[in-house]
Each structure stands twice: as structure tokens, then as C-alpha cells.
**Q** 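Here it is: the structure, laid out below.
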Number of protein chains: 2
Amino acid sequence: MPVRRRTNGNSESVDNYLKAILSLGGPGEHRVTSTALAERLGVAPASITNMLQKLAGAMEPLVEYERHRGVKLSSAGKRRALEVVRHHRLIETFLYKVLDYPIEEVHDEAERLEHFISERFEERIAAKLGHPTIDPHGHFIPTMEGEMPAQASIVLTEVVDGGTFLIDSVDDRDAETLKALEAQGIKAGARLKVKRRTAAEGCLVSVGRSAKALDLSREMAGDIRIVPVGS
Amino acid sequence: MPVRRRTNGNSESVDNYLKAILSLGGPGEHRVTSTALAERLGVAPASITNMLQKLAGAMEPLVEYERHRGVKLSSAGKRRALEVVRHHRLIETFLYKVLDYPIEEVHDEAERLEHFISERFEERIAAKLGHPTIDPHGHFIPTMEGEMPAQASIVLTEVVDGGTFLIDSVDDRDAETLKALEAQGIKAGARLKVKRRTAAEGCLVSVGRSAKALDLSREMAGDIRIVPVGS
DNA sequence: TCGACGATTTAGGTATACCTAATAAGTAGG
DNA sequence: CCTACTTATTAGGTATACCTAAATCGTCGA
Ligand SMILES: [Mn+2]
Ligand SMILES: [Mn+2]
Ligand SMILES: [Mn+2]
Ligand SMILES: [Mn+2]
């Protein structure tokens with residue numbers, strides 16, 4: 001039995017499958033395809049099928065799986081996925097606020113540590129941080145009970161008319177992009193004016209009270225979630 | 001390739017073998033037997049032989065191994081072992097000082113996390129703690145360069161005459177024992193008077209300025225390292 | 001010097017989590 | 001309603017790190 005199984009009982013790999021299904025299933029928790037999972041996790045589709053069958057066939061199944069019809073999380077699977085997301089986001093917040101990490105480095109560290117911290121560690125950093133509800137990228141931190149509000153924001157690429165918005169959150173998975181965006185002032189909480197859409201689904205914007213126009217690529221715009229602002 | 005390989009390149013298991021060889025080899029760095037390793041790591045002797053052959057046969061061998069003659073660390077192996085010990089002891093210090101863990105809980109958490117933290121994490125907690133040189137159990141923390149002073153202390157079971165001592169360090173691997181000892185005031189830095197040896201290699205002592213005699217079992221005495229004190 | 005006995009190694013096998021190549025199932029266009 | 005094509009699954013393999021049982025090796029006492 002080589003692969004580390006945590007107190008919890010499942011391996012790091014299993015955790016990662018559950019998180020990916022949670023994330024790809026979206027707020028509607030719709031079924032996720034093998035291909036989408038394969039791409040997200042960077043493994044071959046055949047490996048996905050294997051793992052899903054194992055997860056679905058356990059005594060306490062973590063997913064509901066039907067051949068050729070994708071998967072969704074079981075309630076046990078969802079519980080564990082949210083637990084891991086809670087760990088991830090608390091760790092990110094801790095690294096940023098207490099250990100003064102640069103914003104673009106917190107994700108990779110959290111991605112590893114999320115699987116290995118104890119409940120005590122989780123509880124202690126949460127307490128130290130004053131039980132935060134939002135992580136440094138603007139994402140909700142699931143509660144200890146596994147509750148997480150649905151995201152009300154929209155992706156910047158979905159904006160049709162121009163207007164003024166608040167940046168709700170920024171995707172943290174690509175450190176390069178995150179660092180570049182942050183250097184332009186694009187981070188959770190900042191104000192953002194959308195001038196117009198550009199070719200190839202890009203976006204011309206300005207940030208804060210600056211008048212300088214920024215031309216965001218489609219990739220960058222896709223990493224930014226915003227909410228309309230009254231003023 | 002299932003088993004997590006860190007930035008460093010070796011797996012958690014490999015790290016644990018290296019640490020065990022460092023610890024069992026003692027300050028003299030003498031050869032360690034398969035049996036001793038099997039017992040320390042809780043795996044079958046056959047598994048030890050397997051792993052040692054693999055470690056010795058790598059392009060950059062981590063151990064020097066000769067059939068039937070035990071192993072010692074190569075210089076690369078020693079470097080990595082000390083790096084992991086540094087992680088372990090820094091993490092313990094951090095958990096104790098910053099996250100207010102009870103002393104008996106730091107070891108198990110550190111035992112897991114030591115393999116997964118980045119160099120950045122190591123550097124940041126070291127800085128936060130003011131670059132400590134001693135962990136909460138009284139053990140030296142290896143430097144970033146992999147230097148660690150040899151222990152000058154002796155084990156309480158080795159005392160022949162009675163006398164007054166300072167507690168240098170307390171073994172941290174058994175949480176139960178550690179908690180019990182701490183409850184009696186037996187912890188690094190405390191003053192300890194040895195009255196006399198008892199049957200079965202136990203020890204009759206008193207702690208601090210208390211006159212109350214404590215009867216330590218051989219097991220407990222074996223976990224305590226002391227240094228003679230002038231006064 | 002010869003066993004006996006314990007220590008160690010070899011042989012053969014398991015589980016996890018991957019992979020590639022071959023096959024089968026869905027799905028949409030004609 | 002039947003291909004052509006894409007998506008998914010099955011089949012067969014690899015590496016890590018374990019295990020048990022069956023050899024062997026080394027040493028120590030007679
Ligand atoms: Mn993240
Ligand atoms: Mn938790
Ligand atoms: Mn420890
Ligand atoms: Mn390090």
C-alpha cells in the first residue's frame with residue numbers, strides 16, 4: 001500500500017478528482033464528462049474511466065457514474081470536495097496574510113498542502129485569520145459545515161455592453177497570468193470599466209480611477225469574474 | 001507514476017528512509033542494519049532491502065549499501081536527510097509558537113508536512129520565528145546549509161551517580177509519553193535532580209524546585225536527554 | 001571447523017495510479 | 001437509418017512501495 005491515504009481515508013488523487021468534478025460541474029452540479037476531467041487533471045481519458053469506476057463502486061460511493069454519461073458527486077463526494085476546497089482557500093489566505101507570500105505563489109503551495117493538513121491545523125489557521133469567508137483571489141471559503149454560497153458574478157468575457165464593474169475574483173491557477181493581472185491593478189475588489197469588446201473575444205478596459213486603457217486577451221478576460229456596480 | 005515525487009525528486013518514503021538512517025546511525029554515522037530500519041519504519045525487512053538497493057543503485061546514490069553489512073548515507077543522502085529534519089523541526093516550532101499547538105501534537109503534523117512544504121514556506125516560517133536553532137523538544141534545527149551540532153547530552157538511563165542536571169531534550173515520537181512527561185514539568189530546559197536508579201533501569205527524580213520524587217519507568221527515562229549542571 | 005540460528009536477501013505477489021493501443025458506443029449528416 | 005467521426009471504455013502494461021514465504025549468508029559455540 002504505497003500511496004499515502006490520509007486520516008480521511010482517500011488519497012491525494014481521489015481528492016483531486018473530487019475537486020475537479022465539483023469545479024467543472026458548476027453551480028448546477030451537472031454531469032461532467034471524462035474528457036473534461038482528463039483535460040483538467042492532465043491525465044489520459046482511460047485513467048479517468050478507471051478512477052470513476054473505482055469511486056462509484058466503493059462501499060460509500062463518492063460519485064454517481066453511468067457509462068458514457070459522465071459523473072456527478074455523491075453527497076459524500078461533495079462533502080469531501082468542499083472540505084478540500086476549504087483547506088485550499090484557508091491555506092491560501094494564511095500564506096498571503098500571515099506568511100506574506102506574493103499572491104501568485106499561494107495557489108501552488110495550497111494545492112499540495114490541502115491534502116495533508118489535519119483538522120487541527122485547519123481550525124488553528126482559521127482562528128488565527130478570524131474565520132475568513134473570502135480568499136485572496138476573491139473566492140468563497142466553504143464553511144466547516146461544507147456550505148458555500150453560489151457565485152453571483154459573471155465572467156468578463158460574458159459582458160455584452162460596456163459599463164462599470166467591481167472585480168469579484170480572479171482565477172488563480174496560472175501564476176504567470178495572475179502576476180501580470182495583479183501588476184495592472186486587476187485583483188479582487190478593484191473597480192473596472194469595460195470600454196468595449198475587441199476582436200477574438202478580448203476586452204478593452206480601464207482599472208480603478210486610471211483612464212489608461214488596457215487590452216485584455218480572451219484568456220485573461222476569461223480569468224476575471226465581475227459584478228455590475230451601481231454608481 | 002502514482003506516488004507523489006516532490007520538487008526535490010524523491011518520494012515521501014525515500015525521505016523517511018534517509019531520516020531513519022541519519023537518526024539510527026548516530027553522531028558517528030555508523031552503518032545501520034536492515035532490521036533496525038525495519039523496526040523504526042514499521043515495514044518488513046524484505047522491503048528495506050529492496051529500497052536500499054534502489055537508493056544505492058540510483059545515478060546519484062543516496063546511500064552506501066553492502067549486502068549483509070548495513071547502510072550509511074552518501075553525502076547526497078545526508079544532505080537531503082538534514083533538509084527534511086530542518087523542515088520537521090521548523091514546522092514543529094512554528095506549530096508550537098505561532099499556531100499554539102499543544103506540545104504533544106506538533107510531531108505528527110510535522111511528520112506529514114515536512115515532505116510537502118516548499119523552500120519558500122521553509123524560508124518564511126524560519127523568518128517569522130527569527131531563525132530559531134532549537135525546536136520545542138530541545139533538538140537542534142539543522143541550518144539551511146545542512147549543518148547541525150552534535151548532541152552533547154546523555155540519555156537519563158545512562159546516568160550512574162545521582163546529581164543535578166538540565167533537561168536538554170525530550171523525545172517527541174510518542175505523544176502519550178510526551179504529554180505525561182510535560183504534565184510533570186519534564187520538558188526541555190527544566191532542572192532535574194536524579195536521586196537514584198530503580199529496578200529495571202528506571203529512575204527516581206525530582207523536577208525543578210519541587211521536592212516530590214517521581215518514579216520514571218525505563219521507557220520514560222530513555223526519552224529524556226540531560227546535561228550535568230554546575231550548581 | 002561445522003552447524004545451528006538469526007539476520008538478510010531473493011522470489012513472487014498485491015494495490016494505487018498512471019499510460020498506450022485497441023475496441024465499442026454514441027451522435028450527427030447524408 | 002446508416003455511416004463517419006468523436007467520445008469513452010476495455011485490455012494490457014509500468015513504476016512505486018509494500019507484503020509473505022522461501023532461500024541464503026554470517027557468525028558463534030561446540
Ligand atoms: Mn487556489
Ligand atoms: Mn478540514
Ligand atoms: Mn518531531
Ligand atoms: Mn528546505
Side-chain angles (χ1 to χ4, degrees), chain A residues 1-21 24 30-59 61-72 80 84 111-112 115-116, chain B residues 1-21 24 30-59 61-72 80 84 111-112 115-116:
Chain A
M1 313 83 178
V3 174
R4 169 144 230 150
R5 225 179 286 89
R6 274 80 22 72
T7 322
N8 162 55
N10 25 54
S11 68
E12 182 182 0
S13 263
V14 169
D15 275 358
N16 287 331
Y17 276 80
L18 298 178
K19 269 207 313 178
I21 297 166
L24 294 170
H30 48 261
R31 309 186 85 84
V32 175
T33 65
S34 294
T35 312
L37 279 169
E39 175 150 340
R40 170 66 73 103
L41 295 172
V43 302
S47 305
I48 300 288
T49 301
N50 258 271
M51 180 63 100
L52 296 183
Q53 290 174 343
K54 204 193 66 177
L55 296 180
M59 311 125 306
L62 293 165
V63 302
E64 288 167 33
Y65 164 74
E66 286 173 86
R67 281 176 94 250
H68 294 280
R69 313 197 61 257
V71 262
K72 50 185 301 234
R80 177 59 188 168
V84 179
E111 196 68 32
R112 263 177 295 111
H115 311 288
F116 304 108
Chain B
M1 314 86 177
V3 173
R4 169 143 232 149
R5 226 178 287 90
R6 277 77 26 68
T7 322
N8 163 54
N10 26 52
S11 68
E12 183 182 359
S13 263
V14 170
D15 276 357
N16 288 331
Y17 279 78
L18 298 178
K19 268 205 314 176
I21 296 166
L24 294 170
H30 48 260
R31 309 186 85 84
V32 176
T33 66
S34 295
T35 311
L37 280 169
E39 176 151 338
R40 170 67 73 102
L41 294 171
V43 303
S47 305
I48 301 290
T49 300
N50 258 267
M51 180 63 99
L52 295 184
Q53 289 174 342
K54 205 194 66 180
L55 296 181
M59 311 125 306
L62 293 166
V63 302
E64 288 166 33
Y65 164 74
E66 285 173 87
R67 280 173 97 249
H68 293 281
R69 316 198 58 258
V71 262
K72 51 184 300 227
R80 177 58 187 167
V84 178
E111 197 68 32
R112 264 177 293 111
H115 311 287
F116 303 109

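Naming: A, B, ... by sequence-line order, numbering from 1 per chain. Only a predicted model underlies this, so the values are computations on that prediction, with no experimental measurement involved.
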**Q** Please list, in numerical order, the residues of residues 40-52 of chain B that have a heavy atom closer than 4.0 Å to any atom of DNA chain C.
**A** B/Pro45, B/Ala46, B/Thr49
**Q** Between C/dT10, C/dT16, D/dA17, which nucleotide gets closest to the side-chain atoms of B/Gln53?
**A**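 Of the candidates, C/dT10 comes closest.
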**Q** Nearest-Å distance, CG (A/Asp15) to P (C/dA17)?
**A**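 One finds 10 Å between P of C/dA17 and CG of A/Asp15, rounded.
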**Q** So which atom in A/Ala20 and which in A/Leu37 form the shortest heavy-atom distance, rounded to 0.1 Å?
**A**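 It is CB-CD2, 3.6 Å.
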**Q** Give me the atom names and distance for the closest heavy-atom approach of A/Leu18 to A/Leu62.
**A**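 Of all heavy-atom pairs spanning A/Leu18 and A/Leu62, the closest is CD2-CB, 3.9 Å.
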**Q** Could you state the interatomic distance from CD (B/Gln53) to OG1 (B/Thr49), rounded to the nearest 0.5 Å?
**A**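 Separation between the atoms: 6.0 Å.
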**Q** I need the A/His115 NE2 to A/Ser13 OG distance, nearest 0.5 Å.
**A** 8.5 Å
**Q** Could you encode protein contacts along nucleotides 1-6 of chain C as a string, one character per nucleotide from 5' to 3', using B for base contact, S for sugar-phosphate-only contact and - for no contact, with a heavy-atom cut-off of under 4.0 Å?
**A** ------
**Q** Check whether any side-chain nitrogen or oxygen of A/Thr33 sits under 4.0 Å from OP1 or OP2 of D/dT7, and answer yes or no.
**A** no
**Q** Between B/Leu55 (CG) and D/dT16 (P), how many Å, whole number?
**A** 11 Å
**Q** Tell me the interatomic distance from A/Arg69, atom CZ, to D/dT9, atom P, rounded to whole angstroms.
**A**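 Value for this atom pair: 12 Å.
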**Q** Looking only at non-hydrogen atoms, find the nearest pair between B/Ala38 and B/Ala44 and report the distance.
**A**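 Heavy-atom minimum between the residues: CB-C, 4.2 Å.
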**Q** Would you say A/Ser13 reaches C/dT16's phosphate, i.e. side-chain N/O to OP1/OP2 under 4.0 Å?
**A** no
**Q** If you round to the nearest 0.5 Å, how far is OH of A/Tyr17 from OG of A/Ser11?
**A**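 So the gap between those two atoms works out to 9.5 Å.
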**Q** Roughly, in whole Å, what's the span from CG in B/Leu37 to P in C/dT9?
**A** 10 Å
**Q** On the nucleotide D/dC18, are OP1 or OP2 found under 4.0 Å from the side-chain N or O atoms that B/Tyr17 carries?
**A**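 Yes.
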**Q** Atom pairs, N/O to N/O, protein against nucleotides 25-29 of chain C, distance under 3.5 Å?
**A**
| residue | atom | partner | partner atom | Å |
| --- | --- | --- | --- | --- |
| C/dA25 | O4' | A/His68 | NE2 | 3.4 |

**Q** Which pairs count as salt bridge (charged side-chain N to carboxylate O under 4.0 Å, His left out) when at least one residue sits in residues 36-54 of chain A, sequence neighbours excluded?
**A**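 Output for this query is empty, none listed.
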**Q** How long is the straight-line distance from CG of A/Leu52 back to CZ of A/Arg67, given to the nearest 0.5 Å?
**A**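 Rounded to the nearest 0.5 Å, the CZ-CG separation comes to 13.0 Å.
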**Q** Work out which heavy atom in A/Ala36 is nearest to a heavy atom in A/Val32; give both atom names and the distance.
**A**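 Nearest pair, atom of A/Ala36 first, then A/Val32: CB-CG1, 4.2 Å.
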**Q** Can you identify which nucleotide, out of D/dC18, D/dT9, C/dT9, has its nearest atom closest to the A/Tyr65 side chain?
**A** D/dT9
**Q** Using side-chain contact (heavy atoms from CB on, under 4.5 Å) as the criterion, list what pairs up with A/Ala58, not counting sequence neighbours.
**A**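 Scan of A/Ala58 (side-chain contact (heavy atoms from CB on, under 4.5 Å), adjacent residues dropped) gives none.
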**Q** Could you pull out all residues at least two apart from A/Arg31 that satisfy side-chain contact (heavy atoms from CB on, under 4.5 Å)?
**A**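 Checked A/Arg31 against side-chain contact (heavy atoms from CB on, under 4.5 Å); matches are A/Glu66, A/Arg69, A/Lys72.
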**Q** Rounded to the nearest Å, what distance is computed from the CG atom of residue A/Leu18 to the P atom of nucleotide C/dA17?
**A**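 It works out to 11 Å between those atoms.
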